[in-house]
Amino acid sequence: MATVSSTSSSTTSTATTSTTTTKTAAQVASEAAKSLMDSMDAGSGVDTASLVSKLVDAQFATRKAQLTAKYDTLTSQISGASKLKSTIDDFTKALETLVKGGTLGTQPLSSNATAVTATTIQGQTVGTLNTTVKVNALATAQTTTSAKVASPAASATFGTGTLTLKLGTATYASGEMTAFTTGKNTDGSDKSFAITIDSSNNTLSGIATAINAQKAGVTATVVTDADGGAYLSLRGQLGEEQAFQLSADNSSSALAAFDVRPRANGEAALPTTLASAAANASITVDGATVGRASNEVSDLVPGVKLTLTAPGTTTISSSRPTTALSGAVKDFVDTYNQVLAVVKEETDPINGELRADPAAKTLLRSLQSITSKVLLPNAASGTPASLSAIGVRTNAKTGELEVDDTTLTAALKNTPDAVEQMFAYSAVSGTGLYQAMSSIRTASASTVYGLGASTTRYRQAQSDLTKKQDTITDQSDRATKRLTQQFASMNSRVSAYKATQAFMQQKIDMWTKQS
């Protein structure tokens with residue numbers, strides 16, 4: 001069974017953490033005030049751009065940092081949910097491939113594959129077999145060939161009229177049809193088809209196309225000879241109830257050359273040759289002879305499809321996949337433990353990104369209860385119906401699964417059908433290990449209550465945070481504009497004060513010299 005990796009099976013996105021230390025609002029405000037004083041003392045004006053930037057950062061830094069942290073957390077949670085969904089999906093797909101592969105089911109064996117081949121019917125199990133099958137005759141289809149149409153056959157025409165095609169049963173003798181009974185549709189009407197032949201389709205190829213267009217189960221083919229001549233070949237389906245009759249509405253018309261029917265008393269042999277008759281296969285199974293309309297028979301040996309290839313006798317036996325089943329149980333346990341580790345990492349109560357996510361917690365509980373889940377609801381009393389009953393148990397210390405080899409060996413020896421059914425593909429909900437894991441996968445991916453719903457919730461929360469970040473950005477821009485205007489005005493006033501101060505200082509210096 002394929003191993004599920006906690007990293008390669010899912011695409012993750014990791015939030016980027018800045019290595020720059022974020023200053024507190026008080027630190028930024030203090031630096032801004034110092035910059036203001038230094039600038040004023042220098043007498044060269046205030047560095048308005050730098051000062052405004054620091055003050056705005058001081059006002060909004062804390063809120064921006066909080067929103068960024070929340071956004072990064074949500075990104076990690078979305079990544080974690082995606083990882084879990086991908087891990088469970090990969091695990092279930094690997095299990096599906098395993099149970100559908102055919103290596104875990106009892107295989108039927110035919111002692112004479114020239115006459116009969118035997119295969120397991122998907123979704124069914126094969127028990128101990130020892131069945132004798134004799135193929136007396138294969139199912140055949142009625143086939144006919146018209147008289148040769150001389151060259152150039154492609155351009156030959158056959159008048160106009162109606163050909164009537166009927167399906168039913170027929171009797172045959174001496175290489176020709178001696179009687180025909182029209183079959184009935186489910187509504188009681190005849191299985192009859194009227195085929196109109198006019199100037200647009202009264203050639204060999206046109207007649208063949210018109211017959212095939214009825215989709216009645218009779219296939220028409222034009223077979224061309226080396227000299228340019230051609231034949232109209234008709235073939236029905238397998239089985240005695242698939243015989244067919246074709247007749248022209250006017251027995252004296254050129255279209256009557258293609259008639260396939262019993263001839264009337266005293267009528268000359270028809271130009272159409274009967275190559276084979278419609279007949280059922282005749283099969284003797286353990287002494288009982290039955291007929292089937294196909295050479296693929298699925299209702300004579302339980303769980304086995306017989307493909308009849310030639311008359312002959314064979315014995316159908318079976319081979320138990322004991323070694324393969326034992327390996328499959330252990331492979332499942334190993335892969336399960338890897339999956340469990342991924343789920344436990346994401347739901348860790350301290351460091352797990354999804355530690356508070358209800359869907360992730362439900363997934364963990366579902367996995368942890370897999371050994372006690374009833375996999376064979378219709379199992380007979382005393383027959384193992386769960387993994388724990390065949391030796392798969394949970395380690396009390398680690399929570400991982402482990403295999404009790406003694407119990408598993410006993411189950412494979414005493415109740416092999418039950419173990420096989422657990423690891424067989426079933427389309428019935430609640431039956432078999434694959435269906436149990438498929439149910440867990442569906443629940444975990446649900447957009448209503450599963451991880452799909454969690455992902456939607458996290459993305460909506462990110463969208464809400466983005467709107468808040470946009471609001472803060474807008475407020476920050478307006479604060480920058482306001483402070484820039486204020487400090488520009490202040491800078492102008494400070495410059496005027498300095499000019500006045502310089503003028504007064506000159507006067508004082510002059511007065512001092514004069515005195």
Side-chain angles (χ1 to χ4, degrees), residues 139-172 175-225 227-264 267-280 293-295:
T140 55
Q142 179 181 314
T143 58
T144 63
T145 304
S146 73
K148 183 176 180 179
V149 179
S151 175
S155 60
T157 58
F158 301 90
T160 61
T162 301
L163 290 173
T164 301
L165 176 66
K166 295 182 179 181
L167 302 181
T169 57
T171 55
Y172 308 89
E176 64 178 303
M177 183 184 293
T178 58
F180 183 84
T181 301
T182 304
K184 300 292 183 180
N185 294 307
T186 55
D187 61 0
S189 60
D190 287 348
K191 291 184 176 180
S192 180
F193 307 85
I195 305 170
T196 300
I197 304 299
D198 54 30
S199 60
S200 69
N201 64 350
N202 61 348
T203 61
L204 269 182
S205 60
I207 293 171
T209 299
I211 292 172
N212 292 332
Q214 301 300 315
K215 297 182 179 179
V218 176
T219 303
T221 307
V222 176
V223 181
T224 303
D225 208 344
D227 61 3
Y231 307 83
L232 180 67
S233 175
L234 302 179
R235 180 182 180 84
Q237 295 180 319
L238 295 176
E240 64 182 20
E241 294 185 355
Q242 299 299 321
F244 62 87
Q245 173 180 289
L246 183 69
S247 59
D249 60 344
N250 184 351
S251 61
S252 62
S253 73
L255 290 174
F258 306 110
D259 277 6
V260 179
R261 57 177 175 78
R263 59 190 171 105
E267 184 180 12
L270 300 179
T272 300
T273 300
L274 177 69
S276 63
N280 284 346
S294 172
N295 291 318

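When atom types are taken as modelled, the side chain of Tyr172 and the backbone of Ala278 share a donor-acceptor pair closer than 3.5 angstrom. With hydrogens and angles ignored, the 3.5 Å screen pairs no side-chain donor or acceptor of Asp259 with any backbone N or O of Thr272. Although no hydrogens or angles enter the test, the distance criterion places a donor-acceptor pair under 3.5 Å between the side chain of Thr140 and the main chain of Ala277.
Residue Ile195 holds its CD1 atom at 11.5 Å from CG of Asp249, rounded to the nearest 0.5 Å. Rounded to the nearest 0.5 angstrom, Glu176 CD and Leu270 CG are separated by 7.5 Å. Taking CG of Asn250 as the reference point, atom CG of Leu255 lies at 9.0 Å (rounded to 0.5 Å). In this structure, Thr143 OG1 and Leu274 CG are separated by 6.5 Å, a value rounded to the nearest 0.5 Å. Separation of atoms CD1 (Ile197) and OG (Ser199) is listed at 11.0 Å; rounding is to 0.5 Å. One finds the OG atom of Ser151 at 9.5 Å from the CG atom of Asp225 (value rounded to the nearest 0.5 Å).
The side-chain heavy atoms of Gln142 and Val260, taken from C-beta on, include a pair separated by under 4.5 Å. Looking only at side-chain heavy atoms (C-beta outward), Asn201 and Thr209 stay at 4.5 Å or farther from each other.
Taking Ser189 as the reference, Asn185, Asp187 meet the side chain to side chain contact (heavy atoms under 4.5 Å, CB included) condition, with sequence neighbours excluded.
Taking both residues in full, the closest heavy atoms of Ala141 and Ser276 are given as O-OG, 2.6 Å, listed atom of the first, atom of the second, then distance.
Just one residue in the list Asp198, Thr203, Asn202 forms a side-chain hydrogen bond (donor to acceptor under 3.5 Å, both in side chains) with Ser200, and that residue is Asp198. With Asn212 as the fixed residue, the side chain to side chain contact (heavy atoms under 4.5 Å, CB included) test singles out one of Thr219, Ile207, Thr221, Val218: Thr219.
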Throw together a table of side-chain donor-acceptor distances under 3.5 angstrom for residues 155-171, partners on residues two or more places apart or in other chains.
from, atom 1, to, atom 2, distance (Å)
Ser155, OG, Pro152, O, 3.2
Thr171, OG1, Thr178, OG1, 2.9
Thr171, OG1, Ala179, N, 3.3

Quick one: side chains of residues 228-246, donor-acceptor pairs under 3.5 Å with protein atoms, not counting sequence neighbours, listed by atom name and distance.
from, atom 1, to, atom 2, distance (Å)
Glu240, OE2, Asn280, ND2, 3.4

